[in-house]
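Okay, structure first, notes after.
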Amino acid sequence: MYVLDASALLAYLNDEPGGTEVEALLDDALISAVNLAEVLQKATRNGISATQLATDISGMGVHSVAFDASMAAMSAELWPRTTHRGLSLADRGCLSLAAQRNAIAVTTDKAWVGLHLPGIDIRLVTR
């Protein structure tokens, strides 16, 4: 099972390097609602309907997961171990969901390389 960071889904949607690799992971992939919001905000900035894109993403087989209190607590607990790499709240939301679901977090963000977070596997997709 895979959990997509916003950067990974954006690589696919924008036909960027790494997008083909992400495409192979889309069916039944998960995305935190926080990461989905990031993707939709960037689409809105470019004049794309957030509502339509959310529907399209769901149609690709990607399942949005609510950012709940448990994920919020885990994201907060990850902060001291990730702040030196500049990871955002959304990044930590992705990692939290991956930990909860025993899934692999997928990102294009090279800042994640070398992170050693017990119980969280990270897959870097080359951008």
Side-chain angles (χ1 to χ4, degrees):
M1 179 177 291
Y2 297 97
V3 175
L4 304 177
D5 177 43
S7 68
L9 186 53
L10 286 166
Y12 168 71
L13 293 173
N14 295 326
D15 198 27
E16 296 171 352
T20 302
E21 189 176 344
V22 173
E23 181 179 20
L25 309 175
L26 292 177
D27 192 33
D28 277 337
L30 303 177
I31 189 166
S32 163
V34 176
N35 292 107
L36 181 60
E38 186 177 353
V39 170
L40 298 177
Q41 177 269 314
K42 289 180 189 229
T44 299
R45 182 179 66 198
N46 294 323
I48 297 168
S49 165
T51 303
Q52 183 59 54
L53 183 56
T55 300
D56 293 345
I57 290 168
S58 178
M60 295 170 198
V62 178
H63 306 284
S64 176
V65 178
F67 188 77
D68 62 16
S70 170
M71 287 174 57
M74 182 175 280
S75 294
E77 290 170 357
L78 285 170
W79 180 79
R81 294 181 279 165
T82 60
T83 189
H84 67 287
R85 301 281 181 118
L87 271 67
S88 68
L89 173 63
D91 293 338
R92 289 179 279 124
C94 175
L95 292 167
S96 297
L97 180 56
Q100 275 189 350
R101 300 296 178 95
N102 197 28
I104 299 168
V106 180
T107 187
T108 65
D109 190 344
K110 291 180 180 156
W112 294 29
V113 173
L115 279 176
H116 300 289
L117 303 170
I120 304 174
D121 291 321
I122 297 170
R123 177 172 175 177
L124 179 69
V125 176
T126 305
R127 192 181 243 201

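Not measured: the values here are computed from a predicted model.
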One pair to check against side-chain contact (heavy atoms from CB on, under 4.5 Å): L124 and T107. What are the steps and the verdict? CA-CA 5 Å; L124 179 69; T107 187; 4.3 Å; yes
Start with the C-alpha gap between L78 and I120, add the side-chain angles, then the distance that decides, and say whether side-chain contact (heavy atoms from CB on, under 4.5 Å) holds. CA-CA 11 Å; L78 285 170; I120 304 174; 4.3 Å; yes
Please test I104 against L25 for side-chain contact (heavy atoms from CB on, under 4.5 Å), starting from the C-alpha separation and ending with a verdict. CA-CA 11 Å; I104 299 168; L25 309 175; over 6 Å; no
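In this view, T82 satisfies the side chain to side chain donor-acceptor pair (under 3.5 Å) rule with no residue, not counting sequence neighbours. Remark: S70 engages Q100 in a side chain to side chain donor-acceptor pair (under 3.5 Å) (not counting sequence neighbours). Listed by chain and number, the residues in a side chain to side chain donor-acceptor pair (under 3.5 Å) with S96 are S75 (sequence neighbours excluded). Contacts of N102 classified as side chain to side chain donor-acceptor pair (under 3.5 Å), with partners at least two apart in sequence or in another chain: none.
Residues S64 and L36 approach most closely at OG-CD2, 3.6 Å, considering heavy atoms. Here the closest non-hydrogen pair linking E38 and A90 is OE1-CB, 3.4 Å. When all heavy atoms are compared, the tightest approach of P118 to R81 is CD-NH1, 3.8 Å. Of all heavy-atom pairs spanning L87 and D91, the tightest one is CA-OD2, 3.4 Å. Closest non-hydrogen pair, W112 versus A105, comes out as CZ3-CB, 4.0 Å.
Listed for the S7 side chain is a donor-acceptor partner under 3.5 Å among the backbone atoms of T108. One N or O on the side chain of R85 and one on the backbone of A111 form a donor-acceptor pair closer than 3.5 Å.
Note that OG of S49 and CG of L40 are 9.0 Å apart. Values are rounded to the nearest 0.5 Å. With rounding to the nearest 0.5 Å, the separation of CG in L9 from CG in N14 is 9.0 Å. L117 CG to R92 CZ: the interatomic distance, rounded to the nearest 0.5 Å, is 11.5 Å.
Hydrophobic clustering (ILVMFWY, side-chain heavy atoms < 4.5 Å, transitive): L115 and M74 are in one cluster. L26 and V106 fall within the same hydrophobic cluster, defined by Ile, Leu, Val, Met, Phe, Trp and Tyr side-chain heavy atoms under 4.5 Å apart, directly or through other members. In the hydrophobic cluster analysis, where Ile, Leu, Val, Met, Phe, Trp and Tyr join through side-chain heavy atoms closer than 4.5 angstrom, F67 is grouped apart from Y2. Residues M71 and W79 do not share a hydrophobic cluster, clusters being chains of Ile/Leu/Val/Met/Phe/Trp/Tyr side chains in contact below 4.5 Å. Cluster membership for V22 and I31, using ILVMFWY side-chain heavy atoms within less than 4.5 angstrom, is shared.
With contacts defined as side-chain heavy-atom distances shorter than 4.5 Å, the pair V65/R101 qualifies. At a threshold of 4.5 Å between non-hydrogen side-chain atoms, the residues L53 and T44 do not count as touching. The shortest side-chain heavy-atom distance between L95 and I122 falls under the 4.5 Å cut-off. Residues N35 and L4 form no side-chain contact, since every pair of their non-hydrogen atoms from C-beta on lies 4.5 Å or further apart. Using a 4.5 Å cut-off on side-chain heavy atoms (C-beta onward), I57 and L13 make contact.
For H116, the NE2 atom is loosely surrounded, since the number of other residues' heavy atoms within 6.0 Å does not exceed 12.
Pairs of residues two or more places apart, or lying in two chains, that qualify as salt bridge (charged side-chain N to carboxylate O under 4.0 Å, His left out) and include a residue from residues 20-37 are E21-R123. The list of salt bridge (charged side-chain N to carboxylate O under 4.0 Å, His left out) pairs with a residue in residues 54-78, not counting sequence neighbours, is empty.
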